[in-house]
Amino acid sequence: MHASLITMDKCCDGKGCKRSYHLACLDPPLGEIPPGIWHCMLCVKKKTELGVHAVSEGVESIWDTREVELPSAEGVQKQKQYFVKYKGLAHVHNHWIPESQLLLEAPSLVAKFNRKNQVIRYKLEWTVPHRLLQKRLLMPTKQSDGYYTGRAGDIPDCLYEWLVKWRGLGYEHATWELENASFLNSSEAQSLIREYENRRRKARSASDPSITDKVLS
Ligand SMILES: [Zn+2]
Ligand SMILES: [Zn+2]
């Protein structure tokens, strides 16, 4: 069931990963290529253990700048900071980082940002979930993979990921987010989850199993 029938591949967007998978061979399998950024299970595991920034290739773009006053030995010291977006991560994971650090990580981005007239186009709504498109189980259905052997016995605190479409951004910017993320626990997000489950329930009861079988064979 490998080979010629399966022609579509999905390449992982995780840092240093570049693994390519047949959609049908994934566990759980993917029926079609999902929109937006996608991480394989190995990268998702890294994400749950080390945080989402562990799977990013680094700073992608600068969206804002500010000056903050920090207490220091000589009293108060001013520090210039930039608001940065990371490759492969949604805007909700943006950080303010000091200029000194960013000059080491991405000097050309700093130069480019400061050359331009610095019109701030950033919108806070980009960090608000607009619609939940898909849900995926993080634990493979085949337990032989030993996915959670490192934490045998304890129940992982995060069982699902949601494919989130963000407010004001297109589907190509959709990202998979761990269900325990704070922004998925707001009352607005909880109602999006209920909406998703209702849609799924309706779709299941409306679909004719004989038609589904024909499509799959
Ligand atoms: Zn395969
Ligand atoms: Zn990966």
Side-chain angles (χ1 to χ4, degrees), residues 1-61 84-95 97 101-102 104-106 109 126-127 129-166 169-185 189 193 196:
M1 134 95 208
H2 218 95
S4 60
L5 275 176
I6 311 147
T7 50
M8 281 196 293
D9 279 1
K10 185 72 187 170
C11 189
C12 176
D13 295 308
K15 178 186 182 183
C17 182
K18 300 280 176 279
R19 287 183 188 86
S20 209
Y21 295 83
H22 294 122
L23 297 182
C25 296
L26 289 168
D27 185 15
L30 276 178
E32 56 188 63
I33 295 181
I37 304 282
W38 182 81
H39 292 123
C40 74
M41 280 301 163
L42 290 170
C43 288
V44 170
K45 189 175 182 228
K46 199 160 131 190
K47 208 160 93 167
T48 57
E49 288 169 357
L50 304 171
V52 293
H53 293 84
V55 299
S56 171
E57 305 264 10
V59 175
E60 178 181 82
S61 47
V84 302
K85 181 187 182 296
Y86 291 86
K87 285 174 198 156
L89 300 184
H91 278 282
V92 76
H93 302 295
N94 290 4
H95 279 169
I97 62 174
Q101 184 189 332
L102 191 56
L104 295 175
E105 288 177 29
L109 287 180
W126 296 344
T127 65
H130 181 211
R131 203 175 152 93
L132 300 177
L133 307 176
Q134 281 181 47
K135 181 185 189 179
R136 74 166 172 177
L137 189 62
L138 295 186
M139 193 156 352
T141 44
K142 280 178 256 159
Q143 286 303 307
S144 55
D145 287 313
Y147 180 68
Y148 276 110
T149 45
R151 44 213 299 185
D154 70 9
I155 299 155
D157 52 1
C158 193
L159 290 172
Y160 290 99
E161 267 198 322
W162 288 100
L163 180 57
V164 179
K165 185 208 169 287
W166 302 94
L169 292 173
Y171 285 87
E172 71 277 19
H173 295 288
T175 52
W176 289 94
E177 304 292 341
L178 300 171
E179 64 164 346
N180 61 2
S182 57
F183 53 84
L184 287 178
N185 286 297
I193 291 173
Y196 174 90

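Indexing begins at 1, ligand by ligand and atom by atom, following the structure's order. Just so it is clear, the structure is predicted and the values come from calculations on it, not from any experiment.
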Next item on the list: With the side chain counted from C-beta on, respond yes when L102 and L109 share a heavy-atom pair under 4.5 Å apart, and no when they do not.
Entry: no
Next item on the list: State whether the side chain of E161 and the backbone N or O of L138 hold a donor-acceptor pair below 3.5 Å, judged by distance alone.
Entry: no
Note to self: According to ring pair (Phe, Tyr, Trp, His ring centres under 6.0 Å), who are the partners of H39, at least two apart in sequence or on a separate chain?
What the structure shows: none
Check: How many N, O or S atoms of the protein are nearer than 2.8 Å to the Zn ion (ligand 2)?
Finding: 4
Item checked: K87 and E105 ion-paired at < 4.0 Å -> no
Note to self: Could you tell me if K165 and H130 have a donor-acceptor pair between their side chains, going purely by distance under 3.5 Å?
What the structure shows: yes
Note to self: Keeping T48 on the side-chain end and K45 on the backbone end, is there a donor-acceptor pair under 3.5 Å?
What the structure shows: yes
